[in-house]
Amino acid sequence: MNDKNVVSVAYHRTGKSTNTNSLGMRAMQARVYEKRNSKYLLVKAPPASGKSRALMFVALDKLANQGIKKVIVAVPERSIGRSFKDTDLVKYGFYEDWRIDPHYDLTAGGTTGSNVRRFVEFLNNPEAKILICTHATLRFAYEEVADDAQFDDTMVAIDEFHHVSADDNSVLGTALKNIMHNSTAHILAMTGSYFRGDSQPILTPEDEREFDKVNYSYYEQLDGYQYLKSFGIDYKFYQGTYLDALDKAIDTDKKTIIHIPSVNSAESTKDKYEEVGHIEDAIGEFQEKDPKTGIDYVKRKSDGKILKVADLVTEEGRDKVQEYLRDMNSADDLDIIIALGMAKEGFDWPWAEYALTIGYRGSLTEIVQIIGRVTRDSSNKTHAQFTNLIAQPDAQNDDVMVAVNTILKAITASLLMEQVLAPELKLKTKSSNDRSKGDGLGGGEITVKGLKEPSTQRTRDIIENDLPDLKAAILQDSQVQEAIAAKADADVINKVLIPKVIMEQNPDLSDEELEEVRQYTIADLALKQATAQSTTSSSGDDKKFLRMADKFINVDDLDINLIEQVNPFQRAYEVMSSNIDSKTLRLIQQTIDSKKADFTEQELAVLYPQIKQFILDHNGEYPSKDSNDELEVKYAYALAKLRDLRARRKAEQNG
């Protein structure tokens with residue numbers, strides 16, 4: 001395991017998440033099945049937890065026992081349709097098998113027009129029970145259906161639900177909303193992304209409240225595996241072109257998925273085919289392309305071993321490669337995949353253990369999907385790794401702000417993943433006799449003095465179901481990211497920036513509800529990143545302490561007022577400091593500071609001699625942005641702006 005990872009999480013290998021009960025259900029599936037009578041059900045669970053089969057159990061029960069006459073399953077792309085193929089369930093303890101009439105599996109082939117016709121035919125055929133289609137087919141077919149009431153007594157199940165949006169321009173989002181409001185249809189929505197969406201919410205807050213929710217955490221899934229015992233996230237930085245940094249990023253001993261950058265991104269060389277060639281050159285010497293399978297054979301530099309490489313970037317011959325990937329049945333069948341937009345969502349290569357992603361991905365959902373490719377449980381691995389190779393900011397480069405934003409997003413995304421991959425915490429307010437039943441790290445119940453009890457069902461729902469989404473929004477907020485890099489005061493983060501984001505996400509909250517959600521959010525953020533230490537007193541009593549940022553707090557003395565004083569993102573700053581050299585860190589902070597106040601060039605010309613005089617008067621000390629003197633703070637930001645302008649002009653002269 002790499003000790004230098006930005007994020008490292010260890011698991012216990014309990015086997016719980018892969019064991020089945022008397023009905024043949026895994027832990028997550030049984031949890032969903034308990035809610036099978038819900039009219040609207042939203043399931044949030046990680047990749048490989050068995051969402052497809054969970055849907056089958058619920059759908060079959062609705063057909064048999066709840067008056068539902070038809071089931072429509074919509075998946076984002078055709079290849080994912082095979083997750084819902086005929087499945088034997090009776091032999092494992094359930095009362096009915098899952099069977100699909102091939103005529104109504106619209107992911108198996110057919111044109112858009114013919115699939116839409118078969119969809120409408122399915123709705124009008126009283127004998128037809130189950131249909132599988134793509135999201136696109138559902139969209140087009142919905143526009144053909146004259147009356148929402150045609151979806152009466154139908155269960156509509158939407159897989160990979162994060163593709164849906166509440167945006168007015170989203171046809172699928174509009175269809176879902178209309179079906180909910182104008183028919184008796186039941187809805188089952190499933191997502192592995194764990195986030196409501198990176199910009200637009202999936203559902204309006206009013207519609208989302210109609211759904212019962214089943215959350216199955218990443219920690220529960222990974223902790224319950226048999227083989228995988230640790231996971232790490234790391235960043236490697238490069239200047240120039242990423243092709244020159246491949247040697248330090250590729251590990252040919254591991255089953256690897258390499259995602260090259262989009263051709264529209266700054267990291268791309270704009271020639272994706274040439275990039276594939278460079279990557280194979282970094283691995284070793286190209287030997288041949290198998291004419292039957294399309295797989296490339298590459299002789300490894302170190303020992304001459306022939307590695308099997310799947311090129312999913314090159315269109316020519318890609319169908320053969322995909323067919324080969326579908327038919328693999330052992331770890332020896334493949335060593336490396338090189339992909340651009342493929343091998344993410346719904347792609348299953350259980351032996352994959354290392355995801356190398358070049359260029360930061362702006363979508364947290366996409367990062368989660370990529371991580372999900374390597375966190376399958378498999379006997380060939382005990383550790384899974386996600387490494388992001390991203391450009392380092394350079395003072396001589398005009399795109400320094402873009403590079404700075406990329407690094408801030410990358411670091412905050414990794415911290416969010418750490419929050420998601422760690423054990424869930426149950427926080428409760430502390431009465432005089434309460435003691436914590438956990439250490440802040442192993443799950444358990446943590447009692448916090450002064451923590452407000454949720455006073456409404458609305459705040460209870462947010463705290464119980466939506467904290468991962470809320471933390472995603474907080475960590476994606478540009479002001480929060482800049483505050484992390486600038487090492488902002490805890491008060492500013494906890495009392496200004498975090499409540500601002502909470503209100504943006506939930507504008508209907510009252511002041512009291514906002515304060516309740518704010519307290520739980522900052523407590524959860526701080527405690528999830530705390531490290532536990534135990535000491536034994538002279539009387540033999542064990543005492544547990546939590547280190548939160550630079551404070552040590554006795555677990556039994558946890559108080560919301562103490563937590564308020566902790567910067568919940570101190571660890572993010574430490575991550576940046578340890579992964580980025582001091583020169584680059586100064587450049588990042590200088591770039592952020594230069595945005596804090598807008599000065600015209602005329603203002604800077606007036607302020608510059610005043611700043612010089614300030615430095616003389618203070619024995620060479622530069623003005624500090626942390627000063628209590630507002631004028632000194634203004635001088636500090638003006639100086640940052642001057643430095644930024646000077647660096648840009650120097651870059652232009654050198655260019």
Side-chain angles (χ1 to χ4, degrees), residues 17-43 45-110 115 118-119 121-123 125-135 137-138 151 153-161 185-192 214 216 326-327 345-348 350 376:
S17 62
T18 49
N19 291 340
T20 56
N21 65 11
S22 59
L23 291 173
M25 298 177 188
R26 290 195 221 159
M28 186 279 286
Q29 294 158 352
R31 192 176 298 178
V32 173
Y33 194 66
E34 286 173 8
K35 296 280 184 80
R36 62 189 178 277
N37 292 314
S38 299
K39 185 177 182 183
Y40 305 130
L41 187 58
L42 174 58
V43 178
S49 57
K51 292 190 291 297
S52 304
R53 195 166 291 201
L55 183 152
M56 296 175 193
F57 291 127
V58 171
L60 290 171
D61 186 84
K62 285 187 181 292
L63 287 167
N65 303 313
Q66 297 183 42
I68 290 296
K69 297 183 171 57
K70 293 181 182 297
V71 171
I72 296 167
V73 181
V75 297
E77 58 183 63
R78 282 184 173 182
S79 62
I80 300 175
R82 66 178 180 272
S83 300
F84 298 95
K85 64 186 179 185
D86 286 359
T87 303
D88 293 335
L89 301 175
V90 172
K91 69 179 182 181
Y92 300 110
F94 199 61
Y95 57 77
E96 189 175 347
D97 289 326
W98 176 261
R99 293 290 179 258
I100 301 295
D101 179 344
H103 181 67
Y104 292 120
D105 179 2
L106 309 188
T107 65
N115 283 339
R118 276 191 286 165
F119 188 107
E121 172 200 316
F122 168 81
L123 288 178
N125 180 352
E127 302 301 316
K129 297 298 182 190
I130 301 171
L131 176 137
I132 315 292
C133 68
T134 63
H135 288 182
T137 298
L138 175 57
F151 289 92
D153 303 325
T154 297
M155 170 179 149
V156 180
I158 301 180
D159 190 26
E160 307 294 0
F161 188 55
H186 290 206
I187 309 287
L188 173 60
M190 305 189 300
T191 178
V214 175
Y216 189 69
R326 276 195 294 272
D327 294 338
E345 183 176 82
F347 176 77
D348 193 13
R376 299 289 204 270

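Computed over heavy atoms, backbone and side chain alike; hydrogens, waters and symmetry mates excluded. Residue numbers count from 1 along this sequence.
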Considering all heavy atoms, the nearest [X]-[Y] contact:
X: Gly24; Y: Phe57; result: O-CZ, 3.9 Å
X: Asn115; Y: Gly110; result: ND2-O, 3.7 Å
X: Phe84; Y: Ile80; result: CD1-O, 4.0 Å
X: Asp97; Y: Val90; result: OD1-N, 2.8 Å
X: Met56; Y: Lys85; result: CE-O, 4.1 Å
X: His135; Y: Asp159; result: NE2-O, 2.9 Å

Derivation of the side-chain contact (heavy atoms from CB on, under 4.5 Å) call for Thr137 and Arg118: CA-CA 10 Å; Thr137 298; Arg118 276 191 286 165; over 6 Å; no

Do [X] and [Y] have side-chain heavy atoms sitting under 4.5 Å apart?
X: Thr134; Y: Leu106; value: no
X: Leu55; Y: Trp98; value: yes
X: Phe119; Y: Leu138; value: yes
X: Glu121; Y: Tyr104; value: yes
X: Thr20; Y: Arg26; value: yes
X: Leu131; Y: Leu123; value: no
X: Asp88; Y: Arg99; value: yes

Approximate separation, where rounding is to 0.5 Å, of [X] [atom1] and [Y] [atom2]:
X: Lys39; Y: Ile187; atom1: NZ; atom2: CD1; result: 8.5 Å
X: Ile130; Y: Ile100; atom1: CD1; atom2: CD1; result: 4.5 Å
X: Tyr33; Y: Asn21; atom1: OH; atom2: CG; result: 10.0 Å
X: Gln29; Y: Ser49; atom1: CD; atom2: OG; result: 8.0 Å
X: Ile68; Y: Met155; atom1: CD1; atom2: CE; result: 8.5 Å

[X] side-chain N/O to [Y] backbone N/O, donor-acceptor pair under 3.5 Å:
X: Lys51; Y: Ala45; answer: yes
X: Lys35; Y: Leu42; answer: no
X: Arg31; Y: Met28; answer: no
X: Lys70; Y: Ala128; answer: yes

Non-neighbouring partners of Gln66 that pass side-chain hydrogen bond (donor to acceptor under 3.5 Å, both in side chains), sequence neighbours left out: Asn37, Asp61, Lys62

Over 12 foreign heavy atoms within 6.0 Å of OH, Tyr92: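 It does not: Tyr92 OH has 12 such atoms or fewer within range.
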
Salt-bridge present (Asp348, Arg376; N to O < 4.0 Å): yes

